Amino acid sequence: MLSSHVKVRFAPSPTGYLHIGGARTALFNWLFARHHKGVFLLRIEDTDQQRSTDDATQAILDSMKWLGLDWDEGPYFQSKRLPIYKEYAERLVSQGKAFHDTDAEGRKAIRFKMQDGVTEFNDLIHGAITFDASLIEDFVLLKADGFPTYNFACVVDDADMGITHIIRGDDHISNTPKQIALYQAFGFKLPEFGHIPMILGEDGSRLSKRHGATSVTEYRDRGYMPHALVNFLALLGWSPGNDLEIMSVPEMIEKFTLKRANKTSAQFNNTKLDWMNGQYIKNTPIEQLTAEAWKYFEKAGIDTKRLPEGWLLSLARLYQERFKTFHDLLNQTGFFFTDTIEYDAAAVDKFLKKERITDLLKEVHAALSATVIFDKNNLENSLRDLTEKIGVGFSKLAQPLRVAVTGKSVSAGIFETMELLGREKTLKRLAYAIHNLCEKTETVKSVA
RNA sequence: GCCCCCAUCGUCUAGUGGCCCAGGAUGCCAGGUUCUCAGCCUGGAGACAGGGGUUCAAAUCCCCUUGGGGGUACCA
């Protein structure tokens with residue numbers, strides 16, 4: 001393959017945010033270009049005046065950047081190339097290959113005259129695909145508003161911009177014979193076509209808003225790492241051919257070929273994405289992870305300036321193997337950042353509203369108060385000593401303490417948690433639980 | 001309706017005629033580690049849509065059926 005002449009494009013229409021299907025198409029084009037050391041260009045197909053918006057364009061550009069899909073040319077905007085399309089359309093009219101037409105509603109357009117015959121092309125992924133051109137109607141090239149239609153603008157631009165490989169969703173397979181007819185009418189050199197499978201929602205139906213998060217920006221806002229999303233998306237419709245799953249971007253570029261792309265549509269799977277994001281989090285250097293968490297926390301409205309030096313790093317270290325997304329981290333660690341913690345009612349019932357818990361926690365309170373250096377080692381020593389002295393298993397003590405301090409029956413290690421929370425808050429919450437939560441019936445949420 | 005594409009564990013996939021009574025990952029289940037959960041380790045259940053061919057031999061090739069997806073716009 002002549003790698004030096006590869007030129008591909010991603011050509012979204014700015015009628016909505018970049019969804020994961022579009023992102024995957026962009027990614028495959030990008031990987032293909034980088035693998036072949038070719039050119040990747042971005043073209044905005046804003047020929048639908050009603051539905052195109054600047055916000056959508058901006059969201060698409062932001063999403064591409066966030067994913068790390070940098071383009072070498074563009075973005076070109078089709079709305080700025082109107083004279084070009086007009087000229088090409090008229091050329092076809094003058095050659096008798098297209099004609100002016102007025103529809104029932106009185107709109108005037110230029111329509112392409114389809115020739116009968118068989119259209120066959122060799123798809124890079126599907127192999128030979130054949131259409132009977134006589135079944136395809138004469139289609140509009142230039143709309144009444146002077147804007148080109150998709151099929152027309154696409155061909156004119158791809159030819160004009162020197163696109164060598166058209167990699168796009170297989171929902172475009174049936175557009176291909178029309179486009180080939182146009183290439184032939186103009187005498188343009190035909191590019192290669194590679195139609196990649198669609199990404200379906202988790203239930204196997206076409207991706208839509210009711211599937212929850214479908215846009216790249218939503219995944220960004222929910223605290224996923226861009227490389228994890230890229231890695232996950234790369235594996236939807238493509239595989240390196242071995243058992244490798246977690247791959248760096250350079251690795252993906254090196255291994256990416258269209259030959260290894262699938263024909264079968266793939267269902268999106270959030271659970272596996274979560275797992276993958278967790279893998280990336282685990283493998284991210286702690287300083288970088290802390291910085292990312294910091295950014296996310298600030299956006300979420302947490303006053304990070306008030307946190308002691310190094311505190312967030314300790315938090316990140318403690319939670320690194322425990323969270324899947326930054327949003328998840330925020331959920332898990334919310335009790336650190338508030339004076340009003342939420343108590344899980346079931347946890348309170350199960351671990352605090354029991355006989356002798358008040359006494360036990362009073363002992364714990366005393367032991368913790370007497371711990372001079374409030375760090376995890378000393379806290380552990382104090383409490384281990386206590387359990388030995390009063391003869392109870394450590395878990396009998398840990399759970400009530402956990403609920404009292406975090407409000408939940410699940411948390412990271414209790415000693416590390418107390419150390420991070422600090423002496424003052426820990427003791428305050430413990431005292432509150434002793435006086436207000438143990439062996440009483442109401443009280444689910446209050447100030448501690 | 002007509003045209004086109006597709007079909008391996010729930011999901012993502014490996015598999016291009018014998019190496020496959022089908023491998024990996026995720027999820028699920030069980031056990032281990034343990035202050036809970038997560039993580040980690042070990043083990044387990046789990047698929048070639050159905051039917052015909054071709055062949056000494058088929059998940060792999062052909063046909064039909066069924067199922068899914070896409071198109072059939074002066075949307076892209």
Side-chain angles (χ1 to χ4, degrees), chain A residues 11-16 22 45-52 78 101-103 105 107-111 123 125-126 129-132 135-137 139-154 168-178 195 197-200 202 204-206 232 235-246 259-260 262-276 278-279 282 319-324 328 332 347 351 380 383-384 387 393-403 406 408-417:
Chain A
S13 73
T15 54
E45 309 216 320
D46 53 349
T47 54
D48 184 333
Q49 291 197 77
Q50 270 69 49
R51 298 198 303 144
S52 297
Q78 292 187 322
D101 180 51
T102 305
D103 70 3
E105 292 161 54
R107 297 129 91 202
K108 296 183 193 300
I110 292 180
R111 205 174 271 278
D123 191 276
I125 293 166
H126 295 268
I129 296 179
T130 309
F131 285 90
D132 179 354
L135 262 22
I136 300 171
E137 294 187 28
F139 56 95
V140 170
L141 262 26
L142 221 51
K143 301 184 266 187
D145 63 2
F147 277 62
T149 56
Y150 161 70
N151 282 125
F152 182 55
C154 182
R168 73 222 314 187
D170 65 18
D171 50 334
H172 286 294
I173 287 180
S174 47
N175 283 320
T176 308
K178 292 181 188 172
H195 288 96
M198 313 234 68
I199 293 179
L200 274 20
E202 299 217 78
S205 69
R206 194 189 175 103
F232 179 76
L235 260 17
L236 249 34
W238 174 80
S239 89
N242 49 33
D243 294 339
L244 195 60
E245 292 217 298
I246 305 290
K259 270 192 99 162
R260 297 214 50 84
N262 285 142
K263 300 174 185 174
T264 332
S265 54
Q267 290 182 217
F268 197 81
N269 185 237
N270 273 296
T271 309
K272 187 158 183 179
L273 204 214
D274 283 351
W275 166 79
M276 189 165 279
Q279 294 299 304
K282 281 202 304 189
Y319 280 86
Q320 184 163 26
E321 301 206 330
R322 313 177 64 91
F323 73 100
K324 299 279 177 66
D328 176 27
Q332 288 193 51
F351 296 110
E380 173 152 19
L383 291 186
R384 296 279 183 199
T387 54
F394 184 74
S395 57
K396 293 282 181 215
L397 179 155
Q399 281 305 83
L401 174 59
R402 191 189 315 281
V403 176
T406 70
K408 297 175 294 186
S409 58
V410 172
S411 80
I414 191 65
F415 309 116
E416 292 88 340
T417 299

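None of these values were measured; they are calculated from a predicted model. Chain A is the first sequence line, chain B the second, and so forth, proteins listed ahead of strands; every chain is numbered from 1.
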**Request:** With sequence neighbours excluded, tell me which residues meet side-chain hydrogen bond (donor to acceptor under 3.5 Å, both in side chains) with A/S52.
**Result:** none
**Fill in**
Hits for side-chain hydrogen bond (donor to acceptor under 3.5 Å, both in side chains) against A/Y319, two or more places apart or cross-chain, chain-then-number order -> none
**Item:** Under 3.5 Å donor-acceptor pair, A/K272 side-chain atoms to B/rA25 base atoms
**Value:**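 For A/K272, whose side chain was compared with the base of B/rA25, there is a donor-acceptor pair (under 3.5 Å).
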Send over the distance from [X] [atom1] to [N] [atom2], rounded to a whole Å.
{"X": "A/L236", "N": "B/rA25", "atom1": "CG", "atom2": "C1'", "value": "13 Å"}
{"X": "A/R322", "N": "B/rA38", "atom1": "CZ", "atom2": "P", "value": "9 Å"}
{"X": "A/F232", "N": "B/rG27", "atom1": "CZ", "atom2": "P", "value": "12 Å"}
{"X": "A/W275", "N": "B/rC28", "atom1": "CH2", "atom2": "C1'", "value": "16 Å"}
{"X": "A/E202", "N": "B/rG10", "atom1": "CD", "atom2": "C1'", "value": "11 Å"}
{"X": "A/F268", "N": "B/rC12", "atom1": "CZ", "atom2": "P", "value": "12 Å"}

Partner residues of [X] under the salt bridge (Lys or Arg N to Asp or Glu O under 4.0 Å) criterion, sequence neighbours left out:
{"X": "A/R51", "value": "A/D48"}
{"X": "A/D103", "value": "A/R107"}
{"X": "A/D243", "value": "none"}
{"X": "A/R322", "value": "none"}

**Item:** Annotated protein contacts, base or backbone, on nucleotides 42-48 of chain B with a non-hydrogen cut-off under 4.0 Å, one of B, S, - each
**Value:** -------
**Message:** I need a per-nucleotide contact map over nucleotides 29-34 of chain B, read 5' to 3'. Cutoff is protein heavy atoms under 4.0 Å; write B for the base, S for backbone only, - otherwise.
**Reply:** ------
About how many Å separate [atom2] of [Y] and [atom1] of [X], when rounded to the nearest 0.5 Å?
{"X": "A/Q279", "Y": "A/M276", "atom1": "CD", "atom2": "CE", "value": "8.0 Å"}
{"X": "A/I110", "Y": "A/T149", "atom1": "CD1", "atom2": "OG1", "value": "11.0 Å"}
{"X": "A/M198", "Y": "A/D170", "atom1": "CE", "atom2": "CG", "value": "6.0 Å"}
{"X": "A/H172", "Y": "A/K178", "atom1": "NE2", "atom2": "NZ", "value": "12.0 Å"}
{"X": "A/R111", "Y": "A/E137", "atom1": "CZ", "atom2": "CD", "value": "8.0 Å"}
{"X": "A/D123", "Y": "A/K263", "atom1": "CG", "atom2": "NZ", "value": "9.5 Å"}

Name the pairing partner of [N], where a pair is Watson-Crick or G-U wobble with both distances under 3.5 Å, or state none.
{"N": "B/rU16", "answer": "none"}
{"N": "B/rU60", "answer": "none"}
{"N": "B/rG10", "answer": "B/rU26"}
{"N": "B/rG39", "answer": "B/rU33"}
{"N": "B/rG1", "answer": "B/rU72"}

Side chain of [X] only, heavy atoms from C-beta on: which candidate in [options] is closest?
{"X": "A/N269", "options": "B/rG10, B/rC35, B/rG39", "answer": "B/rG10"}
{"X": "A/L235", "options": "B/rC12, B/rA76, B/rG39", "answer": "B/rC12"}
{"X": "A/A398", "options": "B/rG27, B/rC35, B/rC12", "answer": "B/rC35"}
{"X": "A/R51", "options": "B/rC74, B/rA76, B/rG24", "answer": "B/rA76"}
{"X": "A/H126", "options": "B/rG39, B/rA76, B/rC5", "answer": "B/rC5"}

**Item:** Residues in ring-ring contact (aromatic ring centres under 6.0 Å, His included) contact with A/F131, at least two apart in sequence or another chain
**Value:** none
**First encountered from the 5' end of RNA chain B, between A/S411 and A/T149** = A/S411
**Message:** For A/T47 versus A/K143, what's the shortest heavy-atom pair and its separation?
**Reply:** O-NZ, 2.9 Å
Give me the distance, rounded to whole Å, that separates [N] from [M] when you measure between the [atom1] atoms they each carry.
{"N": "B/rA45", "M": "B/rC5", "atom1": "C1'", "value": "34 Å"}
{"N": "B/rU13", "M": "B/rG52", "atom1": "C1'", "value": "29 Å"}
{"N": "B/rG50", "M": "B/rG43", "atom1": "P", "value": "31 Å"}
{"N": "B/rA49", "M": "B/rU8", "atom1": "C1'", "value": "10 Å"}
{"N": "B/rC37", "M": "B/rC29", "atom1": "P", "value": "13 Å"}
{"N": "B/rG44", "M": "B/rU26", "atom1": "C1'", "value": "16 Å"}
{"N": "B/rA58", "M": "B/rC4", "atom1": "C1'", "value": "27 Å"}
{"N": "B/rA30", "M": "B/rA38", "atom1": "P", "value": "12 Å"}

**Asked** Between A/F394 and A/F415, what is the ring plane arrangement, given parallel below 30°, perpendicular above 60°, and tilted in between?
**Response** tilted
**Asked** A/A109 near the nucleic acid: base, sugar-phosphate alone, or nothing, with a heavy-atom cut-off under 4.0 Å?
**Response** base
**Prompt:** Donor-acceptor pair, A/H195 side chain versus A/H126 backbone, under 3.5 Å?
**Reply:**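 Answer holds: no.
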**Asked** Does A/Q279 put a side-chain nitrogen or oxygen below 4.0 Å from OP1 or OP2 of B/rC40?
**Response** yes
Using a cut-off of under 3.5 Å, enumerate the N/O to N/O pairs linking the protein to nucleotides 69-73 of chain B.
from: B/rG70; atom 1: OP1; to: A/R206; atom 2: NH1; distance (Å): 3.2
from: B/rG70; atom 1: O2'; to: A/D171; atom 2: O; distance (Å): 3.2
from: B/rG71; atom 1: O4'; to: A/S174; atom 2: OG; distance (Å): 3.1
from: B/rG71; atom 1: O2'; to: A/S174; atom 2: OG; distance (Å): 3.2

Measure all distances between protein nitrogen or oxygen atoms and nitrogen or oxygen atoms of nucleotides 61-63 of chain B, and list the pairs falling under 3.5 Å.
none

Might you list the N or O atoms of the protein lying below 3.5 Å from N or O atoms in nucleotides 15-19 of chain B, with each pair's distance?
from: B/rG15; atom 1: OP1; to: A/R260; atom 2: NH1; distance (Å): 3.0
from: B/rG15; atom 1: OP1; to: A/R260; atom 2: NH2; distance (Å): 3.1
from: B/rG15; atom 1: OP2; to: A/R260; atom 2: NH2; distance (Å): 3.4

